[in-house]
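For reference, the structure discussed in these notes is given below.
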Amino acid sequence: MNDNRFFISYRHEAPWVDMAGKFRVKLANYAQAWKLDYFIDSRQIAAGVPWRASVETALAGCTHFLCLLCDSYWESAECRRELDTVLARRAAGERVAPY
């Protein structure tokens, strides 16, 4: 497992889906050189796999949280929950950096 584990959090609507995908591609291009892994739900959650468990595992293990904030991000209970989870981890002294 790599030391740098990114979680990409975004609202599932245009243009944020495309923007998140572009960040994923950039991270994938540098994954080996920067020794990083990334989690983006559209790529890491396979059909039939319980999505909530996958998200929880990724949130618990991420060291970097890339949050694509927009007005509608705050309207999503899931987006707010992801951000709250990471901020709570940081407040508890865990090594996680929100961006």
Side-chain angles (χ1 to χ4, degrees):
M1 179 183 294
N2 289 318
D3 291 336
N4 299 303
R5 294 175 308 279
F6 284 77
F7 185 103
I8 303 172
S9 178
Y10 61 101
R11 180 65 189 236
H12 283 247
E13 64 185 23
W16 308 106
V17 172
D18 289 338
M19 188 179 291
K22 289 177 184 178
F23 276 112
R24 182 203 62 80
V25 168
K26 294 295 183 189
L27 289 174
N29 287 339
Y30 293 101
Q32 186 174 9
W34 292 352
K35 297 180 179 155
L36 66 87
D37 292 320
Y38 62 87
F39 175 88
I40 185 169
D41 58 359
S42 62
R43 293 291 217 176
Q44 270 73 24
I45 302 176
V49 173
W51 68 269
R52 172 105 34 201
S54 297
V55 168
E56 288 300 320
T57 299
L59 280 171
C62 73
T63 58
H64 298 78
F65 182 80
L66 179 60
C67 182
L68 304 182
L69 289 177
C70 61
D71 288 342
S72 63
Y73 186 91
W74 303 110
E75 297 168 4
S76 166
E78 185 59 27
C79 289
R80 288 191 321 271
R81 190 189 66 73
E82 291 171 0
L83 181 58
D84 288 345
T85 298
V86 167
L87 293 178
R89 284 185 54 211
R90 185 170 173 85
E94 292 185 46
R95 182 180 166 245
V96 60
Y99 297 102

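Quick caveat: nothing in here was measured; it's all calculated off a predicted structure.
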To the nearest 0.5 Å, tell me how far M19 CE sits from I8 CD1.
12.0 Å

Please lay out, stage by stage, how Y73 and L83 fare under the test side chain to side chain contact (heavy atoms under 4.5 Å, CB included).
CA-CA 10 Å; Y73 186 91; L83 181 58; 3.9 Å; yes

Value for SG (C79) from CZ (R11), rounded to nearest 0.5 Å, stands at 6.0 Å

Do L68 and V17 share a hydrophobic cluster (ILVMFWY, side-chain heavy atoms under 4.5 Å, transitive)?
yes

Would you mind reporting whether I40 and F6 have side-chain heavy atoms less than 4.5 Å apart?
no

Under 3.5 Å, which donor-acceptor pairs do the side chains of residues 48-56 form with other protein atoms, sequence neighbours left out?
| residue | atom | partner | partner atom | Å |
| --- | --- | --- | --- | --- |
| R52 | NH1 | E78 | OE1 | 3.0 |
| S54 | OG | P50 | O | 3.4 |
| E56 | OE2 | R81 | NH1 | 2.3 |
| E56 | OE2 | R81 | NH2 | 3.0 |

Got a second to check how far H12's NE2 is from S76's OG, nearest 0.5 Å?
8.0 Å

Those residues at least two apart in sequence (or on a different chain) that pass ring-ring contact (aromatic ring centres under 6.0 Å, His included) with F7 are F39, F65

Value for CG (D37) from CD (Q44), rounded to nearest 0.5 Å, stands at 9.0 Å

If we only count heavy atoms from C-beta on, is the L36 to H64 side-chain gap below 4.5 Å?
no

What distance do N4 atom CG and K35 atom NZ have between them, rounded to the nearest 0.5 Å?
9.5 Å

Is it the case that more than 12 heavy atoms not belonging to N29 sit under 6.0 Å from its CG atom?
yes

Verify the cluster assignment for W34 and Y99: are they in a single hydrophobic cluster under the rule of side-chain heavy atoms below 4.5 Å apart?
yes

R95 and D3: which non-hydrogen atoms are nearest, and at how many Å?
NH1-O, 3.6 Å

Does any N or O in the side chain of R89 come within less than 3.5 Å of the main-chain N or O of C62, such that one atom is a donor and the other an acceptor?
yes

OH/Y38 to NZ/K26 distance, rounded to the nearest 0.5 angstrom?
13.5 Å

Do L87 and P98 have side chains that approach each other closer than 4.5 Å (heavy atoms only, starting at C-beta)?
yes

Partner set under ring-ring contact (aromatic ring centres under 6.0 Å, His included) for F23, not counting sequence neighbours:
none

Keeping R80 on the side-chain end and W74 on the backbone end, is there a donor-acceptor pair under 3.5 Å?
yes

